[in-house]
Amino acid sequence: MAQTLTLKQSGQIVLDLVDTINANRAYLSEIDGAIGDGDHGINMSKGFTLCGDALRAKPVLPGLAEGLDTLAMTLLEGIGGSMGPLYGSFFMGLAESLAGHETLDAALFGEALANGVAGVETVGSAQVGDKTLMDTLVPAREAYRAALAEGADFSTALDRMIAAAEQGWQSTKGLQARIGRAARLGERSIGVLDAGATSCFLILKTLAGSVQQRLG
Amino acid sequence: MAQTLTLKQSGQIVLDLVDTINANRAYLSEIDGAIGDGDHGINMSKGFTLCGDALRAKPVLPGLAEGLDTLAMTLLEGIGGSMGPLYGSFFMGLAESLAGHETLDAALFGEALANGVAGVETVGSAQVGDKTLMDTLVPAREAYRAALAEGADFSTALDRMIAAAEQGWQSTKGLQARIGRAARLGERSIGVLDAGATSCFLILKTLAGSVQQRLG
Amino acid sequence: MNRVINNPDLVVEDMLRGLLAAHAELAAGTDNPRVIKRACAPVAGKVGIVTGGGSGHEPAFLGYVGENLVDAVAVGEIFSSPTAKSFFDAMKAADGGQGVACLYGNYAGDNMNVKMAIKMAERAGLTVKTVVANDDVPSAPKGDEAKRRGVAGEILMWKTAGACAAQGGSLDEVIAVAQKTISRTRSIGIGLTSCTIPAVGKANFHIADGQMEVGIGHHGEPGINVSAIVSADEMARIMVDTLLPDLPFNSGDRVAVLISGLGATPLMEQYILYASVAQYLGNAGLTVAVPLVGNFFTSLEMMGVTLSVLQLDAELEGYMKAPCASIGLTQN
Amino acid sequence: MNRVINNPDLVVEDMLRGLLAAHAELAAGTDNPRVIKRACAPVAGKVGIVTGGGSGHEPAFLGYVGENLVDAVAVGEIFSSPTAKSFFDAMKAADGGQGVACLYGNYAGDNMNVKMAIKMAERAGLTVKTVVANDDVPSAPKGDEAKRRGVAGEILMWKTAGACAAQGGSLDEVIAVAQKTISRTRSIGIGLTSCTIPAVGKANFHIADGQMEVGIGHHGEPGINVSAIVSADEMARIMVDTLLPDLPFNSGDRVAVLISGLGATPLMEQYILYASVAQYLGNAGLTVAVPLVGNFFTSLEMMGVTLSVLQLDAELEGYMKAPCASIGLTQN
Ligand SMILES: Nc1ncnc2c1ncn2[C@@H]1O[C@H](COP(=O)(O)OP(=O)(O)O)[C@@H](O)[C@H]1O
Ligand SMILES: Nc1ncnc2c1ncn2[C@@H]1O[C@H](COP(=O)(O)OP(=O)(O)O)[C@@H](O)[C@H]1O
Ligand SMILES: [Mg+2]
Ligand SMILES: [Mg+2]
Ligand SMILES: [Mg+2]
Ligand SMILES: [Mg+2]
């Protein structure tokens with residue numbers, strides 16, 4: 001199994017993310033409806049669709065770095081509220097780390113992931129346990145970093161990342177929201193999954209899967 | 001039986017009018033409620049009470065001419081809508097005719113009545129049959145004039161006036177309102193008395209009765 | 001009733017207290033508690049502009065007291081004409097020696113009270129002339145214009161006449177400008193919900209949910225028809241189609257357009273309506289030289305809108321664009 | 001839903017179309033359909049004033065684009081922050097070479113989008129500084145002021161900062177004036193009914209009939225308490241008693257007072273409230289040097305009112321009284 005992929009040829013990964021979000025549009029809104037205002041799927045799908053359209057309109061599909069940058073900018077341009085800046089800074093963080101590189105290896109992915117999560121942290125100021133997408137992102141980053149430190153290969157590290165992301169996502173069910181719209185509900189926000197943590201898990205899972213597929 | 005009364009000493013008649021309106025406050029509003037907005041008693045009583053208070057506040061009760069002028073001015077000052085100007089001009093018409101006279105006789109009363117009715121006509125432009133106070137006023141004026149022409153004495157002419165006023169008032173039951181708030185109801189305004197015609201009958205009846213009482 | 005009031009019988013008094021406290025430079029009370037005048041009125045040598053009407057239409061009527069607008073206003077109970085005495089006192093307060101133009105709306109009570117006020121004014125040696133606004137097209141058929149009610153078009157007549165008076169117009173000139181303005185103005189309203197007079201406590205007319213009443217009056221007077229609510233664009237089409245043929249307005253005309261919310265309709269929606277109105281007027285070859293959008297003439301918390309269109313000429317356009325300052329309208 | 005709209009998903013687009021059609025001399029569109037700028041922006045040599053926020057608060061935010069006020073505004077969906085790109089584009093549209101003051105309200109979405117916009121602006125070589133309004137006292141306890149929301153007090157900060165910029169203030173001076181203004185402003189709202197976002201079709205919060213929610217936010221954010229509706233005078237007392245100790249305001253202070261209706265509360269009632277507010281402020285020894293009453297910052301068709309009080313000094317009083325022209329506020 002190869003340990004790197006060529007960034008220029010991996011732009012399709014961004015379109016995979018777009019497809020995932022569009023496929024889960026209704027599901028994400030349904031989850032948001034329980035303790036939010038039921039528009040998370042609509043918001044996300046609006047921004048991701050814009051990006052898909054923009055990428056497909058280009059004569060040649062851009063590589064992964066440029067594709068992620070386009071995704072970041074269309075989210076910042078296409079959706080207001082909080083999803084635009086949060087996911088916008090996440091993908092901007094990824095894109096910035098990849099920029100200037102030809103290939104993506106395990107170390108660069110870890111760097112990019114950390115940079116993306118840092119972007120979300122800076123913009124959103126949420127902590128693990130607040131019942132947000134940070135509950136998916138932070139465990140994912142930690143698990144990936146630990147896997148690399150323990151000598152795992154790229155694909156295995158991605159498996160470990162997804163396992164942790166899923167656990168973090170599922171942990172939001174038991175949490176009381178301390179930030180965002182659901183925080184108004186206090187204890188009544190306990191017992192259901194967080195919408196942002198859900199979309200974030202779906203994004204990481206698709207990202208990892210698409211990368212692994214390309215590693216062969 | 002005397003055929004005249006001294007105007008200076010007849011100011012009490014105005015207070016009798018005030019009492020009549022106040023005694024019929026609820027009744028007048030009830031009638032107005034059927035096809036109007038149910039405030040005729042309130043409107044009338046507000047204006048007449050102001051006049052009563054003003055007259056009673058004076059060291060000496062003014063005579064009839066001045067009392068009627070005070071009534072006219074307090075109505076014009078105290079109630080907006082249509083009752084202020086309609087009854088205001090009625091009583092102003094009466095007062096203007098009596099002004100400068102010492103005694104009230106049958107002819108002067110007829111002149112004053114006609115002047116008052118003319119004032120209402122000018123201001124309100126309503127015709128007999130429109131279901132308004134004109135349906136009381138015009139027959140009353142006509143009957144009084146006819147009685148004098150036939151040689152009736154003051155008191156008898158007043159009796160004839162009241163009989164005609166009552167008939168005119170009662171005729172409003174069968175009429176369809178063509179003016180004022182009730183006109184909006186079209187045919188649905190048929191079947192009940194008109195509020196303004198009612199208060200007008202009560203006013204004429206009190207006026208006649210108080211004059212007759214003073215004629216002895 | 002979800003209201004910000006004290007005693008429901010004293011809402012007008014309480015409002016006046018607040019208004020006078022807030023706008024001492026603009027408006028002042030008078031001996032008659034139901035008459036508000038410009039702080040500097042009467043202005044010597046200037047024709048006085050007077051209006052008046054029932055309360056509940058704020059900022060109309062009293063909100064148009066101000067610079068280059070109305071000099072004194074008679075204030076009635078909610079939806080009820082001011083007294084004759086109040087109109088008279090407003091005339092006195094506005095009279096700067098050049099006579100008074102009393103510019104009011106065509107309602108039975110107002111007509112009668114103004115008539116009596118003029119009688120009083122004549123006795124007091126005042127010269128008063130009147131113009132009665134009758135811009136509300138749906139309230140009587142063409143040919144019967146004298147029976148039509150006055151609605152938001154009154155504001156346009158105060159604006160032009162106020163500017164004319166401020167520029168030194170004589171009483172006859174001011175009256176002519178006011179008359180020309182209202183004669184060239186056509187208005188129509190659409191109501192979407194009713195409203196409640198605080199002292200009454202329940203709505204005094206009714207519009208079913210999801211229904212609209214085209215041609216409704218400012219006090220719920222019945223309109224032309226009641227139907228299911230249509231889109232803003234369709235409302236604009238109905239309104240424009242009613243107004244244009246009535247004057248008639250002609251291709252090439254320059255017009256002033258006034259859209260007023262009736263109270264509870266958000267400004268957002270008034271602009272949505274304006275977008276379509278402007279388009280339909282443009283299609284008909286009209287140029288909007290003066291656009292006004294906002295809560296200029298309301299009916300308590302009614303939902304709905306009114307549209308007024310004034311056919312300008314050079315004189316009226318100049319007066320419409322002249323500076324003015326008041327609660328209801330300030331432009332510089 | 002008794003609304004004057006077309007497609008509920010396009011109310012913002014349709015409103016902008018109407019607003020730009022009506023106010024060509026005042027406001028102009030830009031390449032970004034969600035950014036409105038002053039017709040003459042950018043003004044070379046002047047600090048640019050930018051704001052932005054969700055729609056549904058009209059005339060806020062876009063209605064304060066104008067002379068001596070805001071230069072460009074980012075327009076969001078109803079009750080939802082504009083995009084980062086829109087804030088950035090507004091900054092570009094306002095930049096006259098002396099930097100941009102972005103003066104907005106403390107909401108999670110706005111904070112994040114402004115943060116990202118500044119990142120973009122830095123890349124583009126623009127100098128942007130921000131002031132975040134946090135005048136809403138009930139939204140967080142004293143000591144936790146940084147968590148408080150921005151409400152109608154934002155208008156006061158646009159007014160003073162706009163005047164300062166117009167008079168040639170540097171970016172740092174403008175920012176200092178805006179910060180001083182909002183630091184000395186305290187606000188509180190009382191809600192009497194809820195409102196409905198057209199695209200949602202049902203109220204997204206609820207106030208029972210006959211109840212009032214003291215301290216409610218502009219989007220129905222929960223307040224301090226819900227109780228039976230009290231008199232306007234009592235509302236004034238509650239509001240004043242909440243605001244005065246918080247700054248604290250002191251006897252002898254001169255203040256600006258802004259009462260805003262939340263949408264469907266008639267102007268009459270706003271003046272009724274002002275009468276009592278003025279009295280309670282007077283009792284506390286305060287002098288109202290600048291009173292503003294009207295629908296300045298609404299929440300669609302909510303019933304209710306907000307009160308904002310700004311502790312003036314000579315500098316702020318001068319800026320508050322400076323002339324300005326916009327849809328939301330014109331004074332000369
Ligand atoms: N400050 C924040 N940091 C990280 N995530 C946040 C923050 N605020 C909100 N979120 C996420 O946003 C999600 C809701 O997104 P969405 O429904 O699209 O926006 P809105 O709440 O404006 O309707 C929540 O489920 C939560 O995960
Ligand atoms: N133009 C008019 N001329 C004579 N009487 C009138 C006229 N218009 C209305 N009325 C009278 O007014 C009465 C209603 O008075 P009132 O209830 O006090 O006033 P409102 O209709 O304003 O509530 C009617 O019953 C009718 O008799
Ligand atoms: Mg949501
Ligand atoms: Mg949302
Ligand atoms: Mg009545
Ligand atoms: Mg009545």
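Every chain is numbered from 1, with letters handed out A, B, ... down the list of sequences. Remember, predicted model here, so these are calculated numbers, not experimental data.
- Proximity to chain C (any heavy atom under 4.5 Å) is restricted, for D/Met235, to the side chain, taken from C-beta onward.
- In this structure, no portion of C/Thr298 lies under 4.5 Å from any heavy atom of chain D.
- Neither the backbone nor the side chain of D/Pro323 comes within less than 4.5 Å of any heavy atom in chain C.
- D/Pro291 and C/Ala22 get closest at one heavy-atom pair: CG-O, 3.0 Å.
- Neither the backbone nor the side chain of D/Asn7 has a heavy atom closer than 4.5 Å to any heavy atom of chain C.
- For chain C, the nearby part of D/Gln331 is the backbone; its heavy atoms alone come within less than 4.5 Å.
- The distance from atom CE of C/Met15 to atom CG of D/Leu273, rounded to the nearest 0.5 Å, is 14.5 Å.
- In this structure, D/Leu267 and C/Glu58 approach most closely via the heavy-atom pair CB-CB, 3.9 Å.
- Annotation: side chain of C/Arg17 is in contact with side chain of D/Gln279 (closest heavy-atom distance under 4.5 Å).
- A distance of 11.5 Å separates CD of C/Glu301 from CG of D/Leu192, quoted to the nearest 0.5 Å.
- Residue D/Thr265 touches chain C through its side chain alone, counting heavy-atom pairs closer than 4.5 Å.
- Under a 3.5 Å cut-off, the side chain of D/Asn332 and the backbone N or O of C/Ala325 do not form any donor-acceptor pair.
- To the nearest 0.5 Å, atom CD1 of residue D/Ile5 and atom CG of residue C/Asp233 are 12.5 Å apart.
- Not a single donor-acceptor pair under 3.5 Å links the side chain of D/Asp14 to the backbone N or O of C/Ile272.
- The part of D/Ile78 that comes within reach of chain C is its side chain, from C-beta onward, which places non-hydrogen atoms under 4.5 angstrom from that chain.
- D/Gln211 touches chain C through its backbone: at least one of N, CA, C or O sits under 4.5 Å from a heavy atom, while the side chain does not.
- Neither the backbone nor the side chain of D/Leu16 comes within contact range of chain C; no heavy atoms are under 4.5 Å apart.
- Counting heavy-atom pairs under 4.5 Å between each of C/Ala278, C/Ala264, C/Ser276, C/Ser299 and chain D puts C/Ala264 at the top.
- Between chain D and the options C/Leu292, C/Asp209, C/Thr193, C/Val12, the largest number of non-hydrogen pairs under 4.5 Å is found for C/Asp209.
- Among residues at least two apart or in separate chains, there is no salt bridge (charged side-chain N to carboxylate O under 4.0 Å, His left out) pair with a member in residues 284-300 of chain C.
- Atom CZ of C/Arg3 is separated from atom CE of D/Met303 by 5.0 Å, given to the nearest 0.5 angstrom.
- Looking at D/Val288, neither its backbone nor its side chain comes within 4.5 Å of chain C, counting heavy atoms on both sides.
- Listed for the D/Asn6 side chain is no donor-acceptor partner under 3.5 Å among the backbone atoms of C/Ser231.
- Your options are C/Ser55, C/Ala275, C/Ala232, and the one with the most heavy-atom pairs under 4.5 Å with chain D is C/Ala232.
- In this structure, the portion of C/Ile327 lying under 4.5 Å from any heavy atom of chain D is its side chain and not its backbone.
- Atom-to-atom distance recorded for C/Asn2:CG and D/Ile190:CD1 is 12.5 Å, nearest 0.5 angstrom.
- A search for ring pair (Phe, Tyr, Trp, His ring centres under 6.0 Å) contacts involving C/His23 returns D/Tyr271, not counting sequence neighbours.
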